[in-house]
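I have placed the structure first, in the form of structure tokens, so that the comments after it can refer back to it.
What's counted below: heavy atoms across the whole structure, side chains too, no hydrogens, waters or symmetry copies. Protein chains get the first letters and strands the later ones, always in sequence-line order, with residue 1 at the start of each.
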Amino acid sequence: MTMEPTKPQKIWQVVHAIPQGKVASYGQVAHMAGLGRQARFVGRALGQLPEGHEVPWFRVIRSSGEIAFPKDSEMFRTQVGLLEAEGVEVVNGRVSMRKYQWQP
DNA sequence: ATCATGACCCCAA
DNA sequence: TTTGGGGCCATGA
């Protein structure tokens, strides 16, 4: 029988649907996953991704357009690299939401 | 049970 | 633009 998706699974499902070259905010993902204002839960869920996943976690950023990791961190550099690789411009750790936000 | 801490957000000033 | 305060809630000390 089919199991009800857990909260993290709902989140991963939404994130998986973000198209290449677009980004979504943590709050946007929370809302789309039916979790209301639990934006923080999205960050937690992305940190719990199992190995071998195909979830484009790097397309999730803050509502302000900023990358959520410290600029001097390895994760920050990784995320910027992945975003730029698919055409998303990152200037000073920030993405233009006006240009790149996913709008289903 | 309490306290602090987060890959956060929104509003007001 | 920046700051401050409240909201949210799982997790670990």
Which donor-acceptor pairs under 3.5 Å do the side chains of residues 41-58 of chain A make with protein atoms, sequence neighbours left out?
from	atom 1	to	atom 2	distance (Å)
A:His53	ND1	A:Val55	N	3.1

- Just jot down the side-chain hydrogen bond (donor to acceptor under 3.5 Å, both in side chains) partners of A:Gln28, sequence neighbours excluded, or say none. A:Gln101

- Query: Given side chains that start at C-beta, do those of A:Ile18 and A:Val23 come closer than 4.5 Å, heavy atoms only?
  - Reply: no

- Message: Counting only heavy atoms and a strict 4.0 angstrom limit, can you tell me which residues of residues 71-80 of chain A come near DNA chain B?
- Response: none

- Residue pairs involving residues 83-94 of chain A (criterion salt bridge (Lys or Arg N to Asp or Glu O under 4.0 Å); sequence neighbours excluded): A:Arg59-A:Glu86, A:Glu89-A:Lys99

- Taken to the nearest 0.5 Å, the spacing of A:Asn92 CG from A:Lys71 NZ works out to 6.5 Å

- Item | Strand contacts (DNA chain B) in residues 10-32 of chain A, 4.0 angstrom heavy-atom criterion | A:Ser25, A:Tyr26, A:Gly27

- Please examine the side chains of A:Tyr26 and A:Ser63, heavy atoms only from C-beta on, and report whether any two atoms are closer than 4.5 Å. no

- Heavy-atom distance under 4.5 Å between the side chains of A:Met32 and A:Val29, does that happen here? no

N/O contacts under 3.5 Å, protein versus nucleotides 9-13 of chain C?
from	atom 1	to	atom 2	distance (Å)
C:dC9	O2	A:Arg44	NH1	3.4
C:dA10	O4'	A:Arg44	NE	3.4
C:dA10	O4'	A:Arg44	NH2	3.0

- Check each residue of residues 89-104 of chain A for a non-hydrogen atom within less than 4.0 Å of any atom in DNA chain B, then write out the ones that pass by number, or none. none

- Query: Mind checking what makes salt bridge (Lys or Arg N to Asp or Glu O under 4.0 Å) contact with A:Glu74, not counting sequence neighbours?
  - Reply: A:Arg77

Just the table, please: protein N/O against nucleotides 2-4 of chain B N/O, every pair under 3.5 Å.
none

- Item | Residue pair A:Gln79 / A:Ile67: nearest heavy atoms and the distance that separates them | OE1-CG2, 3.2 Å

- Message: Roughly how many Å apart are C:dG4 and B:dA7, using the C1' atom of each and rounding to a whole number?
- Response: 22 Å

- Quick note, salt bridge (Lys or Arg N to Asp or Glu O under 4.0 Å) partners involving residues 5-25 of chain A, not counting sequence neighbours, are none

- Query: A:Ala24 and A:Trp102: which non-hydrogen atoms are nearest, and at how many Å?
  - Reply: CB-CE3, 4.4 Å

- Using the test side-chain hydrogen bond (donor to acceptor under 3.5 Å, both in side chains), find all partners of A:Gln13 that sit at least two apart in sequence or belong to another chain. none

- Query: For A:Arg62 and A:Ala68, which heavy atoms make the closest approach, and how far apart are they?
  - Reply: NH2-O, 3.6 Å

- For DNA chain B, find the residues of residues 55-68 of chain A with a heavy-atom distance under 4.0 Å and give them by number; none if there aren't any. A:Trp57, A:Arg62, A:Ser63, A:Ala68

